[in-house]
Each structure stands twice: as structure tokens, then as C-alpha cells.
2 protein chains.
Amino acid sequence: MQFFSPALTRVVEAFRRLPGIGPKTASRLAFYILTMKKEEVEEMAAALVEARRKIRECRRCRNLTEEELCSICRDARRDASLLCVVQDPRDIIVIEKTAQYRGHYFVLHGALSPLDGVGPEELKLDLLLKHLQNGGIAEVIIATNPNVEGDATAHYIAESARRLGLRITRIGFGLPVGGDLEYADELTMSRALEARREI
Amino acid sequence: MQFFSPALTRVVEAFRRLPGIGPKTASRLAFYILTMKKEEVEEMAAALVEARRKIRECRRCRNLTEEELCSICRDARRDASLLCVVQDPRDIIVIEKTAQYRGHYFVLHGALSPLDGVGPEELKLDLLLKHLQNGGIAEVIIATNPNVEGDATAHYIAESARRLGLRITRIGFGLPVGGDLEYADELTMSRALEARREI
């Protein structure tokens with residue numbers, strides 16, 4: 001027999017399509033929807049559709065925006081000589097929260113991963129190189145993730161940018177602040193040793 | 001500065017309203033929505049609205065249904081002399097999966113919890129008692145959760161039903177199948193000892 005009614009099954013299946021949502025969570029969320037106010041559910045549904053319809057990539061830096069240029073690219077007070085390359089739009093938020101970086105960004109929306117069919121075209125590295133060639137940029141800070149794909153992407157971009165005579169840096173790796181040496185994995189520890197500095 | 005665009009913020013907030021979804025998960029889900037096909041997002045939104053609009057409580061047993069009576073209440077092959085009382089519609093699915101129970105259900109949509117303002121009226125225990133008084137029911141199986149609220153609810157229902165001369169049972173408690181004695185908490189262990197049987 002069918003345990004859920006057809007309408008409920010459709011909601012469970014919709015939630016299951018989301019990343020990290022298993023069958024149990026999907027049915028918990030679906031049942032919760034039934035307890036919400038009708039207007040709340042309609043508001044939620046409208047928000048999903050509207051976001052998907054309105055939000056697109058910034059023409060310049062591929063950050064997410066509802067305009068042609070994102071709020072960072074539109075901000076004339078930002079330092080246009082610094083460009084930070086990140087994998088994901090959410091990485092921008094992490095960096096912005098430090099309030100330490102005032103340059104521009106470029107979002108790759110991924111990292112090089114030939115086995116998954118992600119090459120330089122998918123990351124639109126040609127658009128990135130065009131920015132670098134246009135001049136005005138003094139330093140490229142590569143903030144891809146510290147893993148195999150992120151490392152490969154960083155090296156690829158560094159090679160291309162070096163030919164243009166730009167300063168290329170990558171964010172530092174080591175022990176996280178508040179972290180405990182005892183629980184550090186050997187790769188982090190090895191990176192932390194490499195990154196040691198005189199004090 | 002505002003990190004998310006207004007449309008994205010609305011989606012993040014919508015997801016945050018769901019139970020068990022924290023800020024990190026909400027933003028992960030919101031970003032995923034942006035990567036979905038437009039039609040998929042519209043389909044998902046429509047499913048939410050439709051489920052909330054169509055699904056209601058079965059007039060008889062308070063199970064969720066899109067009709068006036070749920071599929072179990074409509075099924076003439078079910079044993080009308082057995083009534084199983086559960087807290088949540090999902091509990092029905094757990095019991096149905098055993099394929100061992102062929103009676104009817106009554107869904108409380110909660111458990112007695114005076115501190116949270118949940119009394120007999122909220123659980124519509126009058127509707128349950130009306131069923132019991134109507135006759136035809138030989139046994140009431142109480143399958144509320146094994147915790148303080150579930151126990152209190154079970155006792156309350158048992159008292160009311162006993163006056164009608166019905167057989168009242170409660171599902172068994174003890175070690176879960178596949179469970180390990182070593183990891184059993186003392187309450188489960190104590191219930192398991194109480195529930196011991198000759199072999």
C-alpha cells in the first residue's frame with residue numbers, strides 16, 4: 001500500500017532532491033509543511049521561485065546578484081587592484097566577515113576536476129584571465145579550498161597569471177584558531193609546519 | 001553590508017523556519033535552489049502549496065488524507081474491532097510496515113503536556129471516546145511514545161476506555177532488535193526486565 005497521499009509524496013520527493021536531505025528528514029520536513037499556515041507555505045514557495053528567477057551571475061565576477069553587476073563590483077570604494085579568487089559565492093561571505101579584505105572577487109563556481117568533467121571552460125577561467133589582462137590588478141589572492149581540486153585550480157590560475165607578471169598569493173594554511181594540536185590531522189599539521197614563521 | 005541579495009535572503013529565511021534546519025544548512029539549501037532547473041523549482045514550490053491546501057485530517061481517525069476519510073478508514077478489509085492510538089501520522093507508517101496489524105488507527109497529533117498547553121481537547125480525545133462508545137471495538141492498542149508525555153497520555157486514555165469495558169493494551173518496551181545490551185540506557189533496561197517472559 002501507499003503510505004503517503006500523492007500530494008504529500010510529491011513534497012517528500014521534492015525535499016529529497018535537496019543535498020544532505022535523506023528520506024527521514026524529507027518526510028519530517030514535509031509533515032512540518034502541513035502544520036504551517038497556508039500563507040507561510042505560499043510565501044515560502046514564492047520565495048523559491050522568485051530567487052531562482054531573479055538571481056544570476058554578476059557579469060564581471062560571477063558572484064550571485066539580482067542586478068547585472070553584484071554589490072561588490074558596483075562599490076566604487078573597493079580596491080580594484082586586488083582580486084580574490086574563490087570557488088563558491090558563500091566563500092565571499094566568509095571573507096567579507098573578516099572585514100579585512102576590501103578588494104574584488106572572482107567566483108569559479110567549482111574547481112578543476114577532469115574526472116567530473118570540470119575543466120577551465122566550466123570555471124570560465126577565460127573571463128578571469130580577461131580581467132587580469134585588462135590591467136589595474138596588482139595581486140591575485142587565490143582562496144580555493146585546501147584539497148586536491150582546489151590545489152590544482154590554484155596552480156592552474158597561478159601559472160596563467162604569472163605570465164602576466166602579477167603578484168600571486170594563496171591564503172595561508174595551518175591550524176585553525178581555537179583548534180587543538182591533538183586533534184589536527186597529519187595533512188593540516190604538515191601544512192602548518194611548512195607555514196611556520198619566526199616569532 | 002548585506003551578504004545575501006534580498007531574494008536569496010528570503011529563501012534562507014524560509015528554510016530556517018523548518019525544524020532542524022540551522023543557518024548553515026538553510027544557506028546551503030538556498031544556494032542549491034539556484035543551481036536547480038527553473039521548472040524543478042516551480043514544481044517543488046507548487047508541491048508545497050498543493051500539499052498544504054489539499055491534505056487534511058481524516059474525519060474519523062485524524063490520519064492525514066486528501067479525501068474526507070483516509071485510505072485506511074475507507075478500506076473495508078481492515079479489522080474494525082482493533083483500534084491503535086498513535087501520536088503522529090508517521091507512526092502509522094512504522095506500524096503498517098510490519099504488515100502485522102490490520103486494524104484501524106486514531107492519531108492524536110501530540111501527547112498530553114499541560115505545560116505546553118496540550119490537554120485532552122487539543123488531542124481531540126472526545127472524538128476518540130465517541131468512537132469507543134459507538135461499539136464494535138474490542139481492543140484499544142495504545143502506541144504513544146515511551147516517554148513522560150506518552151506515558152501520561154496512555155494512562156489517561158486507558159482510564160477512559162477501561163470504564164467502557166474494553167481491552168486496553170500498550171505496545172511492548174524493551175531492547176530494540178539488533179540492539180546491544182552494553183549500550184542500553186538504564187530506563188530501557190529496566191523496562192526490558194519488567195517485560196521479561198518465560199522462554
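Chain A is the first sequence line, chain B the second, and so forth, proteins listed ahead of strands; every chain is numbered from 1. These numbers were taken from a predicted model, which means no experiment stands behind them.
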Checklist entry - Quick one: what part of Ile55(B) sits under 4.5 Å from any heavy atom of chain A, side chain, backbone, both or neither? => result side chain
Checklist outcome for this item: So, the part of Thr25(B) with a heavy atom under 4.5 Å from chain A: the answer is neither
Best-contacting candidate, [options], against chain A by heavy atom pairs under 4.5 angstrom:
options: Leu18(B), Leu8(B), Val49(B); value: Leu18(B)
options: Glu40(B), Arg90(B), Lys38(B), Met44(B); value: Arg90(B)
options: Ala46(B), Ala47(B), Ala99(B); value: Ala47(B)
options: Glu42(B), Glu50(B), His109(B), Arg56(B); value: Glu50(B)

Taking [X] for the side chain and [Y] for the main chain, is one N or O donor matched with an acceptor at less than 3.5 Å?
X: Arg10(A); Y: Ala51(B); value: no
X: Arg52(B); Y: Met36(A); value: yes
X: Arg28(B); Y: Pro19(A); value: yes

Please check if [X] and [Y] belong to a single hydrophobic cluster, counting links between Ile, Leu, Val, Met, Phe, Trp and Tyr side chain heavy atoms closer than 4.5 Å.
X: Leu29(B); Y: Ile33(B); answer: yes
X: Leu125(B); Y: Ile137(B); answer: yes
X: Val85(A); Y: Leu164(A); answer: yes
X: Ile141(A); Y: Phe106(A); answer: no
X: Val140(B); Y: Leu128(B); answer: yes

Next on the checklist: Could you walk me through whether Leu48(B) and Phe15(A) satisfy the side chain to side chain contact (heavy atoms under 4.5 Å, CB included) test, starting with their C-alpha distance in whole Å, then the side-chain angles of each, then the deciding distance to 0.1 Å, before giving a yes or no?
Outcome noted: CA-CA 10 Å; Leu48(B) 295 178; Phe15(A) 277 125; 3.9 Å; yes
Next on the checklist: Please identify, among Glu43(A), Glu67(A), Arg17(A), Lys54(A), the residue contributing the most non-hydrogen atom pairs under 4.5 Å to chain B.
Outcome noted: Arg17(A)
Checklist entry - Do you know which of Ala30(A), Ala14(A), Cys70(A) has the most heavy-atom pairs under 4.5 Å to chain B? => result Ala14(A)
Counting only heavy atoms from other residues, nucleotides and ligands, does the tally under 6.0 Å from [atom1] of [X] exceed 12?
X: Arg167(A); atom1: CZ; answer: no
X: His155(A); atom1: NE2; answer: no
X: Tyr156(B); atom1: OH; answer: no

Checklist entry - What closest approach, in Å, do Glu66(B) and Ala7(A) show between heavy atoms, and which atom pair accounts for it? => result OE2-N, 2.7 Å
Checklist entry - What distance separates Arg53(A) CZ from Leu34(B) CG, expressed to the nearest 0.5 Å? => result 13.0 Å
